[in-house]
Amino acid sequence: MVAAGELVLVVFLIILLTGTVVVTNGCMFAAFFRNRQLRTVNNYMFMTLSFANVMVGLSYPLQSLVNVKILNYGAVCLPIACVLLVFGIVIAWTVVALTVERYLTILHPFAVQRILTGSRVLGILASIVFYAVVVGAVVPGALSTTAVSPEATANGANSNGTSVCRLYNLVPSRAYRFFYLANRLVSIPFFLGIYLRIFIVARRHLQAIAVQVVPAGQEGPFNDSTGSTDSVNDNARRVGKLSKARWRREIKLTLLVFAIALFQSICWIPHTILLMQNRAPPSIYYTLTHFFTYSNTAIYPLIYGLGNRDFRQTMTSMFGCHAASG
């Protein structure tokens, strides 16, 4: 029997997560469709991420309510779990795709548009979705337990009283659970290595640009006769400033993606450790780690939407919050 305090906590977490997910990701979609300039390669990836966030945010309440037996309809457990598994994988690998896009943009800036064409990005996203459906829906459907009695399935509990809506009850194969969790954890060292490389290269680029810029007020040897050197110096400073501004912009976007990847890793670790165990954890611990795992779906749009100047300006204009000029 679930304690009354835990029921109140579950309902509060559902309202908090689902409401935030719908509002924040809805603002991202509205800004994306309102401003055509936002329709870039990396933003299409972010819209895929936002769509997966919304699907998770809408599925999370149903699984949580069945888990605490507010809804006594265990037949929906496996379909809901599969939706969460599928879009959890979509989120994980879309963040990996965004990381690779940042890597190419910083390390191969002149080739990135040729490499990441619209059709290729669409193919990558379609491959991620296909892989997620196979791993998150087809395989669990084939491996799902048949040992649970119809009576237990009807009320959402198995023979030992724990909810059948939890992954270790729905799919008892430990090998599958480790494989699924590897999709979450294997990206962590990948993220750390690739972002370290990105920031080292970006720093070198900024230093090289700074060296090329002629300091303001520096006079050339022929300044007093022709004035041509001043023109060259002005052009050099202008090009240098534009290049430096562009690199700073790309680095800022990279920092936003890095923040998303880091927050994703932090959120997933507690629940991942829980799912690796064979014994059922305390109900309250499962509730909190379950919420913490999916809380990233509400935080992603806050990080990117507020951190990205174009998205932020579009959203403020949508709500009539124009900053005062000057």
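Treat the numbers as computed from the prediction; the structure is a model and nothing was measured.
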Shortest non-hydrogen contact between [X] and [Y], atoms and distance:
{"X": "Leu116", "Y": "Val41", "result": "O-CG2, 3.7 Å"}
{"X": "Thr20", "Y": "Leu16", "result": "OG1-O, 2.6 Å"}
{"X": "Gly307", "Y": "Leu256", "result": "C-CD1, 3.5 Å"}
{"X": "Val95", "Y": "Leu49", "result": "CG2-CD1, 4.0 Å"}

Give a yes or no on whether the backbone of [Y] and the side-chain of [X] come within a donor-acceptor separation of less than 3.5 Å.
{"X": "Arg120", "Y": "Ile115", "value": "yes"}
{"X": "Thr18", "Y": "Ile15", "value": "no"}
{"X": "Arg102", "Y": "Ile251", "value": "no"}

TODO: Can you label the angle between the Tyr294 ring and the His290 ring as parallel, tilted or perpendicular, going by 30° and 60°?
DONE: perpendicular
Open item on the list: With a sphere of 6.0 Å drawn around CZ of Arg39, does it hold more than 12 non-hydrogen atoms of other residues, nucleotides or ligands?
Closed with: yes
TODO: Using only heavy-atom distances, determine whether the side chains of Thr105 and Glu101 contain a donor-acceptor pair under 3.5 Å.
DONE: yes
Open item on the list: Applying salt bridge (Lys or Arg N to Asp or Glu O under 4.0 Å) as the test, list every pair that has at least one member in residues 256-275; sequence neighbours left out.
Closed with: none
Task: pair Phe87-Leu58: side-chain heavy atoms closer than 4.5 Å - done: no
Task: Distance, nearest 0.5 Å, that separates CG of Asn42 from CG of Leu104 - done: 12.0 Å
Open item on the list: Centre-to-centre under 6.0 Å for Phe29 and Phe51, is that the case here?
Closed with: no
TODO: Using the side-chain hydrogen bond (donor to acceptor under 3.5 Å, both in side chains) rule, collect all pairs that involve residues 49-58, keeping only residues at least two apart or in two chains.
DONE: Asn25-Ser50, Asn25-Asn53
Would you tabulate the side-chain donor-acceptor contacts of residues 122-143 under 3.5 Å, counting partners in other chains and residues two or more places apart, or write 'none'?
residue, atom, partner, partner atom, Å
Ser127, OG, Gly123, O, 2.8
Tyr131, OH, Asn183, OD1, 2.8

